[in-house]
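Shown next, in structure tokens, is the structure this report addresses.
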Amino acid sequence: MLDINLIREHVDAVKEGVAKKGVDSKIVDKLLRRDEVWREKAKALDDLKAEQNEVTKEIAKKHTKGALSRARLLKQQITKLSDEETHLKQQRDVLLEKLPNIPFDDVPVGKNDKDNVELRQVGKQPEFDFKPKDYLTVAEQLGIIDVKRAAVVAGSRFGYLLGGAARLEFALIQFAIETITAEGFIPVVPPVMIRPEIMRRMGKGTFIDDHDAFRIDEDDLYLVGSSEHTIGPLHIDETLREKDLPRRYVGFSTCFRREAGSYGRDTRGILRVHQFDKVEMFSFVHPEKSEEEHQFLLAIQECLMQKLELPYRVVEVCTGDMTWSDARQYDIETWLPSEKQYRETHSCSNTTDFQARGIRARFIQEGMNKPQYMHTLNATGFAIGRTIVAIIENYQTKQGTVRVPPVLQSWTGSKEIDVI
RNA sequence: GGUGGGGUGGCUGAGUCCGGUCGAAGGCGCCGCACUCGAAAUGCGGUAUGCCCGAAAGGGUAUCGUGGGUUCGAAUCCCACCCCCACCGCCA
């Protein structure tokens, strides 16, 4: 959620910001008009209540002469005004929820992923003395990914990871958790179901509204699309002390996404599925440290990729392609030889105080008594499925086998992926 | 699913039977001051948040799980819901 005071005081900047994100800036004008009307009404209501409190005190002191009839009248007026005030506030807040976080000034302006800016390419793209196959062809030959049987059991966009692919998953998890916890992150296995109210407070209302989240109807719960959704609210309504910051978590969870609106895209294989596992970093930091933390998270992501020896590139995501709650976002895209292009495997987001305001995650600065909002950031450790895809493609051999990246070999216990 | 107990400020915990002087005792923690070479201990003082008005000082208002009701007035009474804890049952 955006700060209403920021909107009031910096109308033009906010309008410009939301427009860059592809949101109609007229909403801001509409919001401010509602806000104005609401404030007048709220003031009138407060004044009436103040009068009521006075009258009430008189009655308590037995000065009931005329007071009781005045009190009855006040009560009526207050009831009426109060309904109006509630209604106006609601209208304002609905509009407030329709505004995304404002991108930083220096974020590249653009419409979609084509306008993202490549920052660097890292790692050598593998050269093959044969025509590299796509991961699914290789994996199906080895019997380690099975989407056909998964379709029978659960429908499209699911997959079985078998044998070596499953081992690869566990190896990646252990490798990531070990590396990231060494940096002081607290490992966490969070709930994968979440209440809608919490999801909205995390600034992820669109995940529900766009029908991208799976709903457990009977219990009014949603399946998370990322452990970010339930790690963030770990400190909901809490006020930490400055010395507790930064607070860093590395979570592991399954993620569920309906992938609504992506019909026909990546329908083959496990690149875009309803269910995948992910290691995720999440930081709560001092507001002045969030840009620094953002770089730190990105550095960890790159370190993991370099140790895996996968070629990747880092892009800064443009305003139009950014996530709703982000002020700045980087993506890491990994090279897929069969497609001869980089495909998104990681994202790294600074949500500034946008999520923190929603979940009221605050801290008290040393020597002050007024709490302020922290900044929160989240970054992919590994999206396991997509990383497995990248490994299969980049580490395939002429014989149709797949080598295990050296750094993972101690976890898989073999240099080649086990076949079924 | 069953039975019982409970949700009060940063934490703990009184108040709820018998509605008004209760934004709410006490304790802990935290901040300041005093004492001290310094620290501990001790003493004194301070210490919730949101919203609105105000340049500020300050003022108003709301908040005792949530929503509704009764009332001139609700932490306190009534109704519904949510959540937590303990034990039992079931279960990976």
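Chain naming here is simple, since letters A, B, ... match the order of the sequence lines and numbering starts at 1 in each.
- Applying the side-chain hydrogen bond (donor to acceptor under 3.5 Å, both in side chains) test to every pair with at least one member in residues 163-190 of chain A, sequence neighbours left out, gives these pairs: A/Arg167-A/Asp418.
- Residue contacts shown for A/Arg8 are limited to sugar-phosphate atoms, with no base heavy atom under 4.0 Å away.
- Atom pair A/Glu85:CD and B/A62:P shows a separation of 12 Å (rounding to whole Å applied).
- The existence of a salt bridge linking A/Asp212 and A/Arg257 is excluded, since no basic side-chain nitrogen approaches an acidic carboxylate oxygen closer than 4.0 Å.
- When each of A/Arg360 and A/Ile4 is assigned the nucleotide of RNA chain B with its nearest heavy atom, A/Arg360 is the one assigned upstream, toward the 5' end.
- For the pair A/Arg70 and A/Glu51, the salt-bridge criterion is met [side-chain N within less than 4.0 Å of a carboxylate O].
- In this view, A/Arg247 satisfies the salt bridge (charged side-chain N to carboxylate O under 4.0 Å, His left out) rule with no residue, not counting sequence neighbours.
- For the pair A/Asn53 and B/G60, the criterion of a side-chain N or O lying under 4.0 Å from OP1 or OP2 is not met.
- Applying the ring-ring contact (aromatic ring centres under 6.0 Å, His included) rule to A/Phe104 yields no partners; only residues at least two apart in sequence or on another chain are considered.
- Among residues at least two apart or in separate chains, salt bridge (Lys or Arg N to Asp or Glu O under 4.0 Å) pairs with a member in residues 142-161 of chain A are A/Glu140-A/Lys148, A/Asp146-A/Arg149.
- The pair A/Arg268-A/Asp134 meets the salt-bridge criterion, with a side-chain N (NZ, NE, NH1 or NH2) lying under 4.0 Å from an Asp/Glu carboxylate O.
- A/Tyr373 has its OH atom 12 Å from the P atom of B/U49, to the nearest Å.
- Remark: aromatic rings of A/Tyr249 and A/His235 are close, center separation under 6.0 Å.
- Distance noted for atom C1' between B/G67 and B/C44: 45 Å (whole Å).
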Give me, pair by pair, the N or O atoms of the protein and of nucleotides 75-80 of chain B that are less than 3.5 Å apart, along with how far apart they are.
none

Counting primed atoms plus P, OP1 and OP2 as sugar-phosphate and everything else as base, spell out the protein contacts along nucleotides 66-73 of chain B at 4.0 Å heavy-atom distance: B, S or - for each nucleotide, 5' to 3'. -----BBS
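- For the strand RNA chain B, secondary-structure stems (runs of at least three Watson-Crick or G-U pairs, all distances below 3.5 Å) span B:1-7 with B:82-88, B:10-12 with B:26-28, B:29-34 with B:42-47, B:48-53 with B:58-63, B:65-69 with B:77-81.
- Listed by residue number, A/Lys43, A/Asp46, A/Lys49, A/Ala50 are the residues of residues 42-51 of chain A with a heavy-atom contact under 4.0 Å to RNA chain B.
- Here A/His375 and A/Phe354 keep their ring centres 6.0 angstrom or further from each other.
- Rounded to whole Å, the C1' atom of B/G20 lies 7 Å from the corresponding atom of B/G73.
- Rounded to whole Å, the separation between the C1' atoms of B/G15 and B/A75 comes to 8 Å.
- Every side chain to side chain contact (heavy atoms under 4.5 Å, CB included) that A/Ser227 has, sequence neighbours left out, goes to A/Pro190, A/Ile231, A/Ser253, A/Glu280.
- Listed by first and then second residue, the side-chain hydrogen bond (donor to acceptor under 3.5 Å, both in side chains) pairs involving residues 10-27 of chain A are A/Lys15-A/Asp29 (not counting sequence neighbours).
- Proximity of residues 28-39 of chain A to RNA chain B (heavy atom under 4.0 angstrom from any strand atom) is restricted to A/Trp38, A/Arg39.
- Comparing the same atom, C1', in B/A80 and in B/C87 gives a spacing of 27 Å after rounding to whole Å.
- Comparing B/U70 with B/U76, their P atoms sit 15 Å apart, to the nearest whole Å.
- Summarising the geometry, the separation between CD on A/Glu54 and P on B/U21 is reported as 13 Å, rounded to the nearest angstrom.
- At least one cation-pi condition fails for A/Arg403 and A/Tyr395: the charged atom is not both under 6.0 angstrom from the six-membered ring centre and inside a 45 degree cone around its axis.
- Taking atom P on both B/U49 and B/C37, the two are 37 Å apart, rounded to the nearest angstrom.
- We find that CG of A/Leu81 is positioned 21 Å from P of B/C51, with the value rounded to whole Å.
- Per the geometry, CD1 belonging to A/Ile198 stands 12 Å off C1' belonging to B/C82, to the nearest Å.
- Judged as a ring-ring contact (aromatic ring centres under 6.0 Å, His included), and not counting sequence neighbours, A/Tyr160 has no contacts.
- Ion pairing between a basic and an acidic side chain is recognised when a charged N comes within 4.0 Å of a carboxylate O; A/Lys41 and A/Glu85 show no such pairing.
- You'll find the ring centres of A/Phe256 and A/His274 outside the 6.0 Å limit.
- The same atom, P, is picked in B/G9 and in B/G4; the two are 27 Å apart, to the nearest Å.
- Across the protein-nucleic acid pair, A/Glu197 atom CD and B/G65 atom C1' stand 12 Å apart, rounded to whole Å.
- Rounded to whole Å, the P atom of B/U61 lies 31 Å from the corresponding atom of B/C79.
- With rounding to the nearest 0.5 Å, the separation of OG in A/Ser347 from CD1 in A/Ile332 is 9.5 Å.
- Centroid-to-centroid, the aromatic rings of A/His346 and A/Tyr312 stay 6.0 Å apart or farther.
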